[in-house]
Amino acid sequence: MFEQDDPGDGALRRRFLQTAALGFGSMALARTSLAAEMIRLPLPGGPDERRLTTAFPHKGRMILQRTRPPLLETPFSVYDKGVFTPVDQFYVRWHWADIPTSIDPKTFTVTVAGHVEKELRFTVFDLMRKFKHVELAAVNQCSGNSRGFFQPRVAGGEWGNGAMGNARWVGVRLKDVLDAAGVKAGAVQVQFEGAERPVVSTAPNLKKSLSVDHARDGEVMIAWEMNGQSLPILNGFPMRLVVPGWYATYWTKMLQHITVLDSPDTNFWMHPAYTIPDNWPHANMTPGEKDVKFVPINRMVPRSFITNLAAGAKVPGGRPELVRGIAFGGDTGVKSVEISIDGGKNWMPTQLGRDHGKYGFRQWTTHVKLDKGDQTLMVRCTNSDGLQQPMTPNWNPGGFMRNVVESTPVTVV
Ligand SMILES: Nc1nc2c(c(=O)[nH]1)N[C@H]1C(S)=C(S)[C@@H](COP(=O)(O)O)O[C@H]1N2
Ligand SMILES: [Mo]
């Protein structure tokens, strides 16, 4: 688990305030950078290159997908450095541009209201003091991660594969917080809302809901720390929801309102937004297909990637070459990761790295001996429920839940 001496509340509060004082709690408008540095990120239908930016507060070098509201993608080489994604290169996604630029954690509160015995209100320090701390490694992945690879192309942020990240999250159980408020009989869902607002007041604010049972499963948490740092403001300072195994649309940042509902949430962001064809794990349909039933997106599915070789890499042949990468099981752990060098006919096992918990990235390594010429490497993850990545890509109008076996073409010299 977490290699951290157990700081008392005072120490935790001091550390939190220290990182907050470094500026994590406030944000100037992105500095405009003049000379644009580019990175290759070829997508079917283009573009082949994207702009890199270092203009965002507390963020290092990121791929700029959109400035306002910010969409920042993690450059893929970052995933080769380790199983936990550096906080300053963790991807960023916001729906609405009116994001508070400065938050005082001593006064910012989250309220628990709705179908409860008593309404409660907590600062992040109240949560630290009143509830047991928990820690968990989990992958935060946007529903539309890899959307840019969808063919035919669909509307939305045209992400490459960098709208995902793995962190150790520290916080409190949502269950404990809900229990303190006392969920009344007849409650069906719990709704979450952050502190930002749409620029146009008629646009619907982002609200997402989980079933009461899910919200109280003891794993969903309100986190204030990722990978040993307080959350950067763009990742939800001072506190956010962590929903292990579920797509990040539910991971409400800058969490301000928790509302227990006694009837199902029918707001736009639950339906029709963020819905998938009702055939999990595929979330698949034919473009133009009629009468498809759509349901809210939910559990993640397994994925795996090569991280030390990019498409088009030149690899020496005739001797065993190291290939390594990351995988995750989705809503459960990784059982195995296999590699194929013959277009998916034969699969060979790889060695899995340390298990940091079933919801996190798992590193894998292997050696392959390749013949000279153009070759394609493929990796495939099977999760502990036996669910395996498919060989054909799915399609849906949202560009959600891509998890096809990825191919990496290389030239063996
Ligand atoms: N308050 C708030 N929380 C939010 C969102 C948002 O727009 N506002 N977007 C969600 C979506 S769709 C994603 S993919 C994740 C992104 O988390 P990150 O920016 O920390 O990587 O935040 C989720 N939580
Ligand atoms: Mo997302």
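Just so you know, ligand 1 is whichever comes first in the structure, and atom 1 is the first atom listed for that ligand. Each residue takes its place number in the sequence, starting with 1.
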Do F305 and F76 pass the ring pair (Phe, Tyr, Trp, His ring centres under 6.0 Å) test, and can you show the C-alpha distance, the side-chain angles, and the key distance before you say yes or no? CA-CA 10 Å; F305 302 89; F76 205 78; 5.5 Å; yes

Of all residues at least two apart in sequence or in a different chain, which pass the ring pair (Phe, Tyr, Trp, His ring centres under 6.0 Å) check with F122? F131

Can you list everything that forms a salt bridge (charged side-chain N to carboxylate O under 4.0 Å, His left out) with R61? Sequence neighbours excluded, please. E37

R299: which residues meet the salt bridge (charged side-chain N to carboxylate O under 4.0 Å, His left out) condition with it, sequence neighbours left out? D331

Do K208 and Y250 form a cation-pi contact, if we require the NZ or CZ to be under 6.0 Å from the six-membered ring centre and within 45 degrees of the ring's axis? yes

Residue contacts for ligand 1, heavy atom to ligand atom, distance under 4.0 Å: F90, Y91, V92, R93, W94, H95, N140, C142, G194, E196, L206, L234, N235, R240, A248, T249, W251, T252, K253, Y274

Check: K59 side chain, F90 main-chain N or O, donor-acceptor pair, under 3.5 Å: yes

